[in-house]
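Input: a single structure, listed below in structure tokens.
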Protein chains: 2
Amino acid sequence: MTRNHTREDILSEAARLFARAGYKGTSLHDIAVAVGCSKATLLYHFSSKDALLAALVEPAIQELRALDTRLATLDGESARAAAVDGFVDLVLRYRRQVTLVYDSLQATEIPRFAGIDALSERLVRAFAGHSPDPVDDIAARVVLSGICTVVIEHADPDGIDLRDALTTVAERVLRPRTRQES
Amino acid sequence: MTRNHTREDILSEAARLFARAGYKGTSLHDIAVAVGCSKATLLYHFSSKDALLAALVEPAIQELRALDTRLATLDGESARAAAVDGFVDLVLRYRRQVTLVYDSLQATEIPRFAGIDALSERLVRAFAGHSPDPVDDIAARVVLSGICTVVIEHADPDGIDLRDALTTVAERVLRPRTRQES
DNA sequence: GTCTATAGAAGGATAGAC
DNA sequence: GTCTATCCTTCTATAGAC
């Protein structure tokens, strides 16, 4: 089918190794060994290690931008629900890339990622249902980042449906309170 | 007062830089420049880069173990509350170390950290109130890791009381449901 | 497209003067 | 205790043959 099997192999192995040891913790040599080729081959397909990272994360970033655009047309409660569903779906489909977006923002300076901080803030606001309560804001941040970390670490999809569980948890935290304190 | 001002400076600057760029992403040269000394001085005070990391994280790990021990004497609901309060307190007091414990487990092999995975699992179980429901388990993981990430990123302690907010959020997710579905 | 060989920089760590 | 100088390794990236 695809003739770029080497290119695909590189992307696949790089994703695996980056997710395990981090971007800085993975060398081109490591990737080359995993793929079964030389470092020079890696750099034939991708102009640099940074470029490899960018290629790896690009589709995830694009989908994140698409979600952001979609959310802009919604408001309040419906935006919150769409944000949760959309984000959980995205994170589950791009498990390995998620870690990278996290540590790559600090690890490298890839211009393509510009504007992602603002996007991230809009996502937090959507999770919070645009509530003015600071606690709702913190709740949104906890859930957002917690979902990322859990998906990263939860390698094995055993019995339970992770998507449902994550969505349920998010609803627990984010759904507007019906005043009932202890 | 303390005569080890250089040693303290090194620990302080290393904590700052490690938290910003990660362990692998920070070189001894970076730390030396920040402290205003040479690499050799760094390695006079700490036998290796790994040893510096260990010294930095050690107190946090010890307190984590202490919390774990304390929790072992409690059960169910009281254990859950104690776990949340204790953990939030710990994470807030060791903000910078938290990131390190996360990425150092993958970055380096420091024997002193042995057994921390099991400890971490016990903490998750305590957060979940030892509920057998898998969703409660996921909820505990989301909150636990979410709290860590939020504290790391939430550098500035502006108006709101982060401790109260985090505790409140944790209670929202973890407190046993009174059956009320949408 | 893939390789070997190698350049050139940066990393951690040591030796020895002060 | 702190420094400069140096060693050795590893890293990213390039050159050029096949």
Side-chain angles (χ1 to χ4, degrees), chain A residues 1-58 100 103-113, chain B residues 1-58 100 103-113:
Chain A
M1 303 290 167
T2 317
R3 280 298 137 254
N4 301 17
H5 69 83
T6 305
R7 194 173 199 277
E8 297 307 316
D9 284 357
I10 293 171
L11 284 171
S12 169
E13 289 303 309
R16 194 175 58 83
L17 293 174
F18 284 161
R20 176 185 296 173
Y23 177 72
K24 293 270 187 183
T26 306
S27 71
L28 294 182
H29 175 255
D30 295 335
I31 301 168
V33 168
V35 173
C37 71
S38 71
K39 289 189 285 178
T41 299
L42 261 47
L43 293 165
Y44 168 79
H45 289 280
F46 303 93
S47 60
S48 69
K49 191 187 177 187
D50 273 18
L52 172 55
L53 175 67
L56 207 50
V57 180
E58 196 190 76
L100 284 177
D103 88 26
S104 300
L105 288 176
Q106 62 175 205
T108 65
E109 281 314 320
I110 300 186
R112 199 168 305 205
F113 293 173
Chain B
M1 301 290 170
T2 316
R3 281 296 138 256
N4 302 18
H5 69 80
T6 305
R7 194 173 198 278
E8 298 306 317
D9 285 356
I10 293 171
L11 285 171
S12 169
E13 290 301 310
R16 194 174 59 81
L17 294 175
F18 283 160
R20 175 184 296 174
Y23 178 71
K24 293 270 187 182
T26 306
S27 71
L28 292 182
H29 175 256
D30 295 336
I31 301 168
V33 168
V35 174
C37 71
S38 71
K39 286 193 288 179
T41 300
L42 261 45
L43 292 166
Y44 169 79
H45 289 280
F46 303 92
S47 60
S48 69
K49 191 188 177 188
D50 273 17
L52 172 55
L53 175 67
L56 206 50
V57 179
E58 196 189 77
L100 284 177
D103 88 27
S104 301
L105 288 177
Q106 64 173 203
T108 66
E109 282 314 320
I110 299 184
R112 197 169 307 205
F113 293 173

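Letters A, B, ... mirror the listed sequences (proteins, then strands); counts begin at 1.
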Worksheet item: Do you know which of A:Ile31, A:Leu42, A:Leu43, A:Leu28 makes side-chain contact (heavy atoms from CB on, under 4.5 Å) with A:Lys49?
Response: A:Leu28
Worksheet item: If we ignore angles and hydrogens, is there a donor and acceptor under 3.5 Å between the side chains of A:Asp30 and A:Ser27?
Response: yes
Worksheet, complete the sentence: With sugar-phosphate taken as primed atoms, P, OP1 and OP2 and all else as base, the protein-contact string of nucleotides 13-18 of chain D at under 4.0 Å (heavy atoms; B, S, -) is BBB---
Discussion item. Is it the case that atom CZ in B:Arg16 sees more than 12 heavy atoms from other parts of the structure closer than 6.0 Å?
Written reply: yes
Item to complete: Round to a whole Å and report the spacing from CZ of A:Arg7 to P of C:dT2.
Response: 12 Å
Discussion item. At less than 4.0 Å, is any side-chain N or O atom of A:Tyr44 found next to OP1 or OP2 of C:dG1? Yes or no.
Written reply: yes
Worksheet item: Quick one: B:His5 NE2 to D:dT2 C1', roughly how many Å, whole number?
Response: 11 Å
Worksheet, complete the sentence: B:Ile31 atom CD1 is separated from C:dA10 atom C1', nearest whole Å, by 15 Å
Worksheet entry | B:Asp9 vs B:Ser12, side-chain contact (heavy atoms from CB on, under 4.5 Å): CA-CA, chis, key distance, verdict | CA-CA 5 Å; B:Asp9 285 356; B:Ser12 169; 5.6 Å; no
Practice prompt. For C:dT2, take OP1 and OP2 only and decide whether either is under 4.0 Å from a side-chain N or O of A:His45.
Written response: yes
Practice prompt. Can you sort out the partners of B:Arg7 under salt bridge (charged side-chain N to carboxylate O under 4.0 Å, His left out), two or more places apart, ordered by chain and number?
Written response: none
Worksheet item: OP1 or OP2 of C:dT2 less than 4.0 angstrom from a side-chain nitrogen or oxygen of A:Thr6, does that happen here?
Response: yes
Discussion item. Measure NE2/B:His29 against P/C:dA13 and give the value in whole Å, please.
Written reply: 16 Å
Worksheet, complete the sentence: From CZ of B:Phe46 across to C1' of C:dT14 the rounded distance in Å is 18 Å
Response to the item:
Winner on side-chain proximity to A:Ser27, out of D:dC3, C:dG12, D:dC11, is D:dC11
Worksheet item: Taking only N and O in the side chain of A:Thr41, is any of them less than 4.0 Å away from OP1 or OP2 of C:dT2?
Response: no
Worksheet item: Passes side-chain contact (heavy atoms from CB on, under 4.5 Å), A:Asp50 versus A:Tyr23? Steps please.
Response: CA-CA 9 Å; A:Asp50 273 18; A:Tyr23 177 72; 2.3 Å; yes
